[in-house]
Amino acid sequence: MIFSQSDAPVLEAMQNHLQNRVVPFDVPGHKGGRGNRELTDFLGASCLKADVNSMKPLDNLCHPVSVIKEAQELAAQAFGAENAFLMVNGTTGSVQAMIMSATKAGDKIIMPRNVHRSAINALVVNGAVPVYVNPGTNKQLGIPLGMSVEDVEKAIRENPDAKAVLINNPTYYGVCSDLRAIVKLAHDNNMLALVDEAHGTHFYFGENMPVSGMAAGADMAAVSMHKTGGSLTQSSFLLCGKNVNADYVRQVINLTQTTSGSYLLITSLDIARKNLALNGKELFKRTVQYAEYARSEINKIGGYYAFGEELCDGSAFYDFDRTKLSVHTRDIGLAGIEVYDILRDEYNIQIEFGDIGNILAIVSAGDRALEIERLISSLSEIKRLYSKDKAGMFDHEYINPEVITAPQQAFYGSKKSMPINESSGKVCGEFVMCYPPGIPILAPGERITDEIINYINYAKEKGCFMTGTQDMKIENINVVEA
């Protein structure tokens, strides 16, 4: 049977299944919601009836041979990939499967240090060794940028035995590296090019966007469909190029991904792919219009800086994702997290995140013009009511790490707990990060310094949500015993 992008094989199979009124003597035990009325009332009867178990007419996510296989082939076609996998462990699962497919214990992988925790977690699990490339930084904004081609070239020259290069496309703030050049560098040196596109789904469908991983010739790309692609939270695609053994990748995915794949997530991926293939160009055109308008109006307020492509420099800030609404707040004397909290608590506006100097609002075609205006006016009022002297504020989000040992060795090694404020000079045995964005301040195997301790204390003081340590209060830290 020949399919087109207007088809949705999993959706159609699910609709047929529900119309057949099959009597369920299998899991899940809520039996289409009849066994849990409160859950059904909250989520809706249609949702609960669609929460089904794997069965022959609906295929099997671990070893797809029919409708899921067809949905994956349509996804590969839509994204310009050789193969695609429907992922239900989030883009965390996609990133980890990508890294674990490309490397094994002891192998080197070149990556920016401002990666999501999922990438470093993969190294903890499989024992690969990171070669970190420190991202560029923008001194005005204090944020980490992308990797420069020169820095990647240096890392490759010093580590010719590395197996892969991992690239963020884009960063959380919307900053892109010169992806085509870095992919070519990797391939010229017999390394795989892996792309974390957790925030770049729209690059595949919008016009005048930064280049996507597959278009740049990357070998694998992890694409977070739920962030900007319209699928349900926790659903993702893992894309593979022609030089990747997709059957081996499937085996690696099955090492960690659930054997009970949610058909709510799977079907949402199928529907979202169809929607983007048919309507993505128009959807993301509207998204850019909203974001550009908001950027312009926020900059007219004064004090804030909603930055954009004017900062592109041909290097570590090679390109910019114009759908991102990243706003620098430090010049009004407020940390990004403080603006985040005020927006939520006083104005009932929930943005994506705030760090110590910036906020990020995710804009999409699903927004309404009135809501964009509400955000702009709320920021104006916050400046009027809450702005203060910025003296004494931290002026950067990123601290170059000193790597002492591999993440796996540090995480699983002999450790002891001690107060964070007394840990300077020790080697960290766990993670410390603000979430979101989930970029570690400290990762296992890195030296703890006074500067890092001051940063952690400042972030806590400002109200950042800290995670990663065994100590739920983030007062003590596990350090590697000498």
Side-chain angles (χ1 to χ4, degrees), residues 111-116 132-152 154-155 167-179 181-182 196 198-200 209-211 291-292 294-296 298-299 301-340 351-363 379 390-401 433-434 436-441 451-452 454-455 458-459 462 464:
M111 61 170 64
R113 176 54 181 77
N114 58 324
V115 289
H116 187 264
Y132 290 130
V133 174
N134 287 318
T137 55
N138 179 286
K139 291 184 178 179
Q140 177 186 3
L141 305 176
I143 63 169
L145 307 176
M147 298 186 293
S148 72
V149 174
E150 292 74 19
D151 285 344
V152 176
K154 179 175 181 288
I167 311 105
N168 292 325
N169 191 50
T171 69
Y172 223 133
Y173 301 95
V175 180
C176 299
S177 303
D178 186 351
L179 188 58
I182 294 174
D196 181 349
H199 297 272
M209 296 281 177
V211 67
E292 294 282 28
R295 201 167 2 258
S296 173
I298 290 168
N299 284 333
I301 296 171
Y304 297 108
Y305 178 27
F307 54 91
E309 57 193 340
E310 71 279 358
L311 295 180
C312 292
D313 60 6
S315 184
F317 203 128
Y318 184 79
D319 207 345
F320 181 71
D321 173 11
R322 293 183 298 136
T323 71
K324 289 286 185 296
L325 184 57
S326 300
V327 184
H328 187 61
T329 65
R330 191 178 295 114
D331 287 343
I332 65 167
L334 294 175
I337 187 61
E338 292 175 308
V339 175
Y340 171 103
I351 58 174
E352 176 67 9
F353 85 88
D355 55 31
I356 63 173
N358 305 272
I359 58 171
L360 172 66
I362 297 294
V363 177
L379 289 173
K390 68 176 181 178
M393 296 183 71
F394 250 71
D395 63 357
H396 57 282
E397 301 287 348
Y398 176 78
I399 301 171
N400 290 343
M433 72 201 80
C434 301
I439 299 167
I441 301 167
E451 184 182 16
I452 289 171
N454 290 338
Y455 182 101
Y458 183 83
K462 291 297 182 182
C464 291

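Side chains included, hydrogens not; waters and symmetry mates left out as well; all remaining heavy atoms used. Keep in mind the model is a prediction, meaning the values are calculated, not measured.
Across all non-hydrogen atoms, the minimal contact from Val363 to Ala291 is CG1-N, 4.1 Å. Pairing each heavy atom of Ile441 with each of Cys434, the nearest pair is CD1-SG, 4.0 Å.
Taking the six-membered ring where the residue is Trp, the centroids of Tyr173 and Phe320 are separated by 6.0 Å or more.
Open room surrounds OH on Tyr318; 12 or fewer heavy atoms of other groups in view lie less than 6.0 Å from it.
A heavy-atom distance below 4.5 Å is not found between the side chains of Pro112 and Tyr132. Inter-residue side-chain proximity for Asn454 and Phe394 is flagged as met; some heavy-atom pair is nearer than 4.5 Å. Side-chain contact between Leu379 and Ile359 is present, with at least one heavy-atom pair separated by less than 4.5 Å. Using a 4.5 Å heavy-atom cutoff, the side chains of Thr171 and Asn114 are in contact. Proximity of Asp196 to Ile167: side-chain heavy atoms (C-beta onward) are nowhere separated by under 4.5 Å. Inter-residue side-chain proximity for Val175 and Asp319 is flagged as unmet; no heavy-atom pair is nearer than 4.5 Å. Contact annotation: the side chain of His116 never approaches that of Met433 to less than 4.5 Å [non-hydrogen atoms, C-beta and beyond]. With contacts defined as side-chain heavy-atom distances shorter than 4.5 Å, the pair Asp331/Thr329 does not qualify.
Side-chain atoms of Glu397 come within 3.5 Å of backbone N or O of Gly357 as a donor-acceptor pair. No donor-acceptor pair under 3.5 Å is formed between the side chain of Asn169 and the backbone N or O of Pro210. Using modelled atom types, no side-chain atom of Ser315 and backbone atom of Ser148 make a donor-acceptor pair closer than 3.5 Å. Not a single donor-acceptor pair under 3.5 Å links the side chain of Arg330 to the backbone N or O of Tyr304. Asn299 contributes a side-chain N or O that, together with a main-chain N or O of Ala306, makes up a donor-acceptor pair within less than 3.5 Å.
Applying the salt bridge (charged side-chain N to carboxylate O under 4.0 Å, His left out) criterion to Glu292, with sequence neighbours excluded, gives Arg295, Arg322. When the salt bridge (charged side-chain N to carboxylate O under 4.0 Å, His left out) test is applied to Asp355, no partner is found at least two apart in sequence or on another chain.
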Using the rule given for side chain to side chain contact (heavy atoms under 4.5 Å, CB included), can you reason through Leu325 versus Ile298, listing the C-alpha separation, both sets of side-chain angles and the distance that settles it, and then say yes or no?
CA-CA 10 Å; Leu325 184 57; Ile298 290 168; 4.2 Å; yes
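Between Asp321 atom CG and Met209 atom CE the span is 6.5 Å, to the nearest 0.5 Å. Separation of atoms CD1 (Ile143) and OH (Tyr398) is listed at 13.5 Å; rounding is to 0.5 Å.
Using bins of under 30°, 30° to 60° and over 60° for the plane-to-plane angle, the ring pair His199/Tyr172 lands in the tilted bin.
Pairs engaging residues 302-316 under the salt bridge (Lys or Arg N to Asp or Glu O under 4.0 Å) rule: none recorded [sequence neighbours left out].
Judged by distance alone, the side chains of Tyr305 and Gln140 never bring a donor and an acceptor atom under 3.5 Å apart.
Using a cut-off of 4.0 Å between Lys/Arg side-chain N and Asp/Glu carboxylate O, Asp151 and Lys154 are scored as not salt-bridged.
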